[in-house]
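Some notes on the structure that comes next.
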Amino acid sequence: RHSGFLDTFSFVAGVNRSDPDFFYDAVQVVIDARIYDSGGIGRPYRYDHKLQVEDAHRDLQKAFIGFQGALQISPAAVCATGNWGCGAFGGSAAVKVFIQWMAASLAGLESLEYFPWDDGVIHEFLSNSADV
């Protein structure tokens with residue numbers, strides 16, 4: 001369990017096995033996101049970084065390490081993810097979906113469940129690309 005956001009983010013307590021929020025077959029991987037624009041959180045960042053090679057490489061490495069770690073804990077892991085860093089942080093969902101797809105493939109995941117929430121374009125793309 002956690003509380004806060006950004007600078008106030010903190011660990012509150014673990015989840016007990018008797019807690020209804022505990023899943024025996026789930027591995028939770030938490031990956032931080034870079035802030036691409038202020039998005040109402042008071043931290044301006046350069047808009048042109050959404051498509052910068054250094055930022056894409058950083059995100060690819062972070063996602064790869066996260067997915068690889070999940071596989072080390074549970075070799076049959078299916079990771080569920082989404083538009084990581086695309087809400088208040090201002091990232092590009094189109095960029096993030098490909099970064100995570102590449103990272104999952106490089107890590108050796110057999111399946112990646114991607115939840116684009118309310119992004120109809122990404123949802124349609126993934127629906128048409130399910131067997132790739």
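Positions are given from 1 along the sequence. Please read these numbers as outputs of a predicted model, since none were measured by experiment.
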Q: Identify which one of Val97, Ile31, Leu112 satisfies the side chain to side chain contact (heavy atoms under 4.5 Å, CB included) criterion when paired with Thr81.
A: Leu112
Q: Would you give the length of the straight line joining atom NZ of Lys96 to atom CD1 of Ile122, rounded to the nearest 0.5 angstrom?
A: 12.5 Å
**Q.** is_close_aromatic(Tyr114, Phe125), centroid dist under 6.0 Å
**A.** no
Q) Given side chains that start at C-beta, do those of Lys62 and Phe67 come closer than 4.5 Å, heavy atoms only? A) no
Q: Without swapping roles, check the side chain of Asn83 against the backbone of Ala93 for a donor-acceptor pair under 3.5 Å.
A: no
Q: Indicate if Val95 and Leu60 have the same hydrophobic cluster label, given that clusters are the connected sets of ILVMFWY residues with side-chain heavy-atom separations under 4.5 angstrom.
A: yes
(Q) Taking the side chain as everything from C-beta on, heavy atoms only, tell me whether Leu71 gets closer than 4.5 Å to Leu109. (A) yes
Q. Which atom names give the shortest non-hydrogen contact between Gly82 and Gln100, and what distance separates them?
A. O-NE2, 2.9 Å
(Q) For a quick test of reading the model, state the closest non-hydrogen atom pair linking Ala94 to Phe98 and the distance between them. (A) O-CD1, 3.1 Å
Q. Which atom names give the shortest non-hydrogen contact between Ala103 and Ala63, and what distance separates them?
A. CB-CB, 3.5 Å
Q) If you look at every heavy atom in Cys79 and Ala70, which pair is closest and at what distance? A) SG-CB, 3.9 Å
**Q.** Inter-residue atom distance Arg58.CZ - Ile99.CD1, 0.5 Å rounding
**A.** 10.0 Å
Q: For Glu110, enumerate each residue passing the side-chain contact (heavy atoms from CB on, under 4.5 Å) test, keeping only those at least two apart in sequence or located in another chain.
A: none
